[in-house]
Amino acid sequence: MIFGGTMLSNGLVFARYSLAEWIQGLLGDRLEMIPEWILFPLLMLAGCLVIIGFITVFALFAIWMERKVSAHMQCRLGPMEVGFHGALQTIADGVKLLGKEDIVPRHADKLLHYLAPIIVFAGVFPLFVVVPFSEKILISDINLGLFFVAAVGAVEVVGVIMAGWASNNKWSLFGAMRAATQLVSYEIPLGLAFLTIILLAGSFSMVDIIHQQEGWLSNWFLFHNPFMPIIFLSFFTASLAECKRAPFDLPEAESELVSGFHTEYSGMKFSIFFLAEYAAMYVVCAIAAVMFLGGWSTGIKPLEAWLADSAGNPMREVLSNTVHLVVIVTKSMFLVFVQMWLRWTLPRIRLDQIMHVCLKVLLPWTMVAMVATSAIELCWPGGNMVLTALTIVIWSIPLLWTLKAILDMTVGIFLKFVPSGR
Amino acid sequence: MTSEEILKRLQDQFGEAILGTDDSSLNLTVKVASETLLEISRFCRDDSSLSFDLLSLVSGVDWTDRIESVIHLDSTAHKHHLVLKVDCDHESPRCPSVVEIWNAADWHERETYDMFGIIYEGHPNLVRILCAEDWEGYPLRKDYLMPDEYHGIPNDFQQAGKRPQKYNPRG
Amino acid sequence: MTMASMYFDYANVAVFFVFAVVFVILNISVISVILRPTVENDQKDTTYECGEPSVGSSWVRFDMRFYTVALVFLIFDVEVAFLYPWAVVFKDLRGAIGGSATGVFVFLEAAIFLLILFVGLIYVWKRGDLDWVKSSSAQEVDARQRQMIEAKDEVRL
Amino acid sequence: MNILNTLSILAAAPSEATAIWLPVFFWTFALVSVLSSLAVLVVKDIVRCAFLIMSSLSGLAGLYLLLGAEFLAFTQIMVYVGGILILILFGVMLTNREPLLIKRMKATGLVAPGVLAGLILFTAIGYSVCTVDWKVTDQPLPADADTPARIGNALMSDFILPFEMASVLLLVALVGAAMAARRGGAEG
Amino acid sequence: MMTIGLTHYLLLGGLLFSIGMAIIIIKRNGVAVLMGLELLLNAAALNFIAFSHYTVGDVRGQVVAIFIIMLAAAEAAVALAIVLNIFQHFKGIEVDEVSTLRD
Amino acid sequence: MGEATNVTEVPLPQGGTVAVKPGDFRTEEMLLNIGPQHPSTHGVLRVVVRTDGEIILDSQVHIGYLHRCFEKVVENVTWTQVTPYTDRMDYLASMYNNLGYSLAVEKLGDVEVPERASYIRIIIGELQRIASHLMSVGTYGLDVGAITAFLYCFRDREITLRIFEEVCGQRLNYNYIRPGGVSGDLTDEMLKKIDDFIDYFLPKIDEIDNLLSMNGIFIYRTAGVGILPLDLALDYGCTGPVLRGSGLARDLRKDEPYGLYEQFDFDVITGKGEKGQLGDCWDRYMIRVREMRESCKIIKQALAKIPEGKFIEPKLLKNVKVKKGESYLKVENPRGELGYYIVSDGKKGPYRCSVRAPSFCNIAVLPEISRGCMVADMVVIIGSIDIVMGEVDR
């Protein structure tokens, strides 16, 4: 309770630091009595609590958002009863799931059945260690950030296979096999995209990567050269597949495999899978924002410079952190929204087609784009303004086209409300 | 082709094997002997002036003294219709199967077997289709009585004299 | 980056990992146990198979193609792992301005490395190991069908 | 004392915290890898064996981390847990003869010799390890050791030939394995 | 608790090596033998890294370990393909049966 | 170990043993139940498939889970009492079931139908076809994972259901078309509503095209899948969109016009194999989408020239007199040819009433066209055949 109160009173910014201050305030002089080797795990644990709080809030919000987005895309209202526009619906569902009976099939491998959700969640949660929110609000800037993501992200597959395997159910096993092939093969384009970014930034560290992209918007790696959008699209597609989101939701394709690898999971175990999925959604989108969209950078050079000039100006620092937090979360949430948008628009593709897309489309293209990027980086270190301009021009065409479609759609909706003659 | 022409074509071809027509029917209905059914059917399908390529329905009618197996045929090209009827014995109805001519007859014959007990000879997989495999009796026969229970599920309606219980959702 | 600082970073990861495990166990085995009912039912514990008793065992031997996909993945995974150190030093080695000789050399090293593996990919691709369903006699079916329709038309005329 | 200062100080230099926690982590990881690989000896279900091997290798990755080989630790997780384990599982699923959940591997008649060989081997290794006086360096790695970059530099200079040969080897493995697997499939 | 040194890692490596060897000898299933092999390779890699960390203070040991991992992956891929082939021919992957049925 | 002679008995965890013979390398067959309780079997269809991994080697269709003895029940009721039972067969196109039965009885009983009633039947029948196709198209979207298309279709279907509710007080089981006419008149207000609906709905079909029919992934999933050659379709007695999808322009409204269909101008849609092969799932699906446009055309024409007059002879609402004899009459139901074979012994009710249910005939071809597909395709193929289990099982 006190923790929450402190957090609120100081705002989300500096949550972790305020916690440290809180501990200091609580203990005062006695602080030195606490051995460091206990103090530090405690501080880390505090970070965990902040993140788990964030995940929970994010999951609650994302699920609500998903429902609302899908509903409004489908001319429905979505949840409306619990709370303002159904905002508390997810909590109600969570409480319901908490009270659901946990059923384990008789012939299941009980141990593995129990371990699977743990591994899936433990494969996603540590990823938040490297997800940055602003210069100050990040758990840890691991030296090997992106590589860490690539490695730990691979652990989730094990949990999924375990779940499908242990259920002793044909549908689950189908789902597990599909998940294994899909998640495994989409890691290659993902890894190649990571490589390209590391190549450009010369570092694995998330913070370094963001710092490389500060300044004007044209510094974002997305606009580095005409091949980068290919890498971005490839990364985004692969991340959709890694999150098992439509149109790559084959492992849990409800119309084919009933519920795929978690067919035999109920209650809290099921909701852990769910939570992990939404957490992974945020992680991949945040990482995409860091890798391609300049992370917390606003893309306006004077503003960045003004924000960075915080020497002797603590309020400026707070402001800078807040702005950066808002910027990166907005970017990530926009990508999350695109994920949802795609989910509610596209049909699901088939297993052989998923392999086709990965191995015959994404893999060669990403490879070529990566080599091209490295060649460009070799010829023009630090990028070339002409190429950047070219990129923006070439890729703004499909972008503008999409924007036009959105505009048509929204204007159409407004026109609908204009009373017609009939 | 009109009904008369079809009939004439069949009679020219098969003569005595065409046992007659059923005048009470509004469609051209030809009664055939069960031995010649296959031959006639094949002719109906293959003859270019008849070309009955679509089997609409195989059904049965229980006339208490006999059971009729009825085959409805359509031609998508000539847009005419023909009904073939085969009389079967009421006690042990048997009839040749036309599955080898029209695959569509497969399920229809299984259903007719299921409902009337007509054994279609030569059918590749003559098992019950709608009723459970261990169901007893042939429901669409006129002398059929519902069993009192099936695997412990009682048949409430046939308990003599008892009116069906009023539905009470609260038990 | 000193060792101690590195340990500090990864201690965070460890704490997160342990926390995740504890969090899930707490949810599944403590909080939920208090709240949820447990009603024993024989039917409930059966494996779901669309409302029918399972036919056969769920023992299934999967297709070879799964193996090939995993194989391709593994090889490329190792390749990517090899290239990470290259990528991180590329910027340092390529020289400050323009392509220095070392830079070109380093670039070519990786390019050859990738090319050799790309040959492997193309080999597997061309052999059809990446195709899931071998396209059957689809053309044949099509031809047969068109023939049928033409025959129909003749009858109609 | 400001706690934030402590944080930065601690992050900068080896301290009491690392001194206390390092052995804890070492023993945890060592136990995880040894116990799970011992369990592989005992457990009969091959799928569980695969998962146990995974946990053993993850424990080893933790040990690599403690040795300052962070890049290697993640390569280990990425290649082994994300790759080889999946391949092994597919191998299991492709070669099982009996329903898998009741799959019990028969042991060879070599249980006692196996255990004995293991013990003898361990004694020999243990003896030699403990008797030799290893020259331990005072400076394990420079303070600003950026291992991935160093590895990259090494790969681009001293190990350039092995680096290229690695790609050839991987190519051969890919082609060979695909061919072997395919031939098996085609004849099936 | 004591300070962890080179000896610890070497002993641990030796232990894992011995266990891997025992797995190879005891297990009959080809895939399980493969698992034992992976353990052997990893024990070796651990030694390399430990040596390079404690005696040289260099990353050369790590580079070698990377090559070991690469070799392990290639080996696993090929070995499993061979196991699949053996399964095809002998309808089983029990190694001792396979060795007696060589023709 | 010699050849594959050593069959081993392996104990199963649930007791008993299973005989295991060392199978060949890559093929290990598995029996898999799809249905009866499966999201994509559109009811309680059960398909037992034999698969090799994800590839279907063979399948067997089991039906009867919804068998309600329609044919037995109607032998015990009067001629007019039968119509409510026909409602419950194809519950997505109840109007058409009523129509088929009524036409058969009218033919046998020589009952005159007022002209206005015939027009009403055509308007309502085509509206029902639109509703039914919307359901089919929507759930097909659901089968391939496009949930939004499903809801768009349902939004529009809802309007037709409201119209039906206003017309006859029911949303699903209408009991509206009776032997001799229809049970209630269409007021001008309702006709206006139907007209408005058509105006509203025509652009919505383009919306469905944009969202689903022409979606790359959708085409990727459905084109070239589940190819049904024409000879096979005829051999199995497939009719309706399934047969037309294979390229044959057979539509009873054109071929053997009933009601007043000969007076209307519309096209018979056939598959052309535009996106993949002729007779694939996309063709079958697209027929339904395009037929909705044709239905709109027919409704527009009917609305333009619907005459004034009676909609039924009131005494016919009680019962119909039918002479001894039998008749077989088929109509073009949204799912295919719905045939009623009615035998009368001159009494108050039918002596025998047999139904040729289009879904029943169409689904029989499933094992033939799903061979060699993947499990995911199975769902797509079932959806493309568009079955209603109430009709299959009767």
Side-chain angles (χ1 to χ4, degrees), chain D residues 22-23 26 30 34 37-38 40-41 46 49 53 57 60 63-64 67-69 72 75 79 84 87-88 91-92 94-95 97 105-108 110-111 113-115 117-118 121-122 125-126 129 134-137 139-141 147 150-151 154 159 162 166 169-170 173 176-177 180-181 184 187-188, chain E residues 1-12 14-23 25-29 31-32 34-35 38-39 42 46 49-50 53-57 59-60 62-63 65-67 69-70 72-74 76-78 80-85 87-88 91-94 96:
Chain D
L22 265 187
F26 172 81
V34 169
S37 43
L38 275 178
V40 174
L41 274 175
I46 184 137
C49 275
I53 277 286
L57 297 176
L60 272 171
L63 290 171
Y64 294 169
L67 284 169
L72 213 63
T75 313
V79 175
I84 297 181
L87 208 65
I88 286 181
V92 170
L94 284 162
T95 56
R97 285 202 302 177
M105 285 184 293
K106 283 172 275 176
T108 44
L110 298 170
V111 179
V115 173
L121 195 60
F122 179 62
I125 294 174
V129 164
W134 303 104
K135 285 202 199 78
V136 177
T137 164
Q139 192 63 31
L141 265 183
T147 35
R150 281 168 157 261
I151 292 172
F159 291 87
L169 185 93
L170 287 176
E187 284 169 19
Chain E
M1 296 293 173
M2 46 184 158
T3 326
I4 304 300
L6 177 62
T7 325
H8 289 86
Y9 285 99
L10 294 185
L11 278 178
L12 186 66
L15 186 57
L16 287 173
F17 193 86
S18 313
I19 295 172
M21 199 56 112
I23 291 174
I25 296 174
I26 291 174
K27 292 285 176 177
R28 242 170 128 225
N29 188 312
V31 180
L34 203 65
M35 294 178 195
E38 298 293 339
L39 214 55
N42 262 276
L46 180 68
I49 298 171
H53 180 85
Y54 282 103
T55 65
V56 194
V59 293
R60 281 158 176 272
Q62 296 186 24
V63 176
I66 289 181
F67 282 110
I69 290 180
M70 184 270 293
V78 178
L80 270 170
I82 293 170
V83 164
L84 295 180
N85 239 335
F87 182 80
Q88 154 74 2
K91 311 292 178 213
I93 47 171
E94 276 72 10
D96 52 346

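Quantities reported herein were computed from a predicted structural model and do not represent experimental measurements. Proteins get letters first, then strands, A, B, ... in listed order; numbering begins at 1 in each.
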Contact part of [X] toward chain D, heavy-atom cut-off under 4.5 Å: side chain, backbone, both or neither?
| X | result |
| --- | --- |
| E:Leu12 | side chain |
| E:Leu80 | side chain |
| E:Met35 | both |

Side chain to side chain contact (heavy atoms under 4.5 Å, CB included) between D:Leu67 and E:Leu46, intermediate numbers included: CA-CA 9 Å; D:Leu67 284 169; E:Leu46 180 68; 4.1 Å; yes

E:Phe17: ring pair (Phe, Tyr, Trp, His ring centres under 6.0 Å) partners, not counting sequence neighbours: none

Side chain / backbone / both / neither for [X] at chain E, heavy atoms under 4.5 Å:
| X | value |
| --- | --- |
| D:Ala117 | side chain |
| D:Val34 | both |
| D:Leu60 | side chain |
| D:Leu57 | side chain |

Among E:Leu16, E:Ile19, E:Asn42, E:Leu15, who wins on heavy-atom pairs under 4.5 Å with chain D?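 Winner by heavy-atom pair count: E:Asn42.
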
Quick one: pull up [atom1] in [X] and [atom2] in [Y] and give me the separation to the nearest 0.5 Å.
| X | Y | atom1 | atom2 | result |
| --- | --- | --- | --- | --- |
| E:Leu39 | E:Ile23 | CG | CD1 | 5.5 Å |
| E:Ile69 | D:Leu72 | CD1 | CG | 4.5 Å |
| D:Ile151 | D:Thr75 | CD1 | OG1 | 7.0 Å |

Between D:Val40 and D:Cys49, what is the shortest heavy-atom contact and its length?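 Heavy atoms of D:Val40 and D:Cys49 come nearest at O-SG, 3.8 Å.
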
Looking only at non-hydrogen atoms, find the nearest pair between D:Ala173 and E:Ala74 and report the distance.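 Between these two residues, the closest heavy atoms are CB-CB, 3.7 Å.
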
Between chain E and each of D:Ile125, D:Ile84, D:Leu170, D:Ile53, count heavy-atom pairs under 4.5 Å; write down the option with the most.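 Looking at each option in turn, the highest pair count goes to D:Ile84.
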
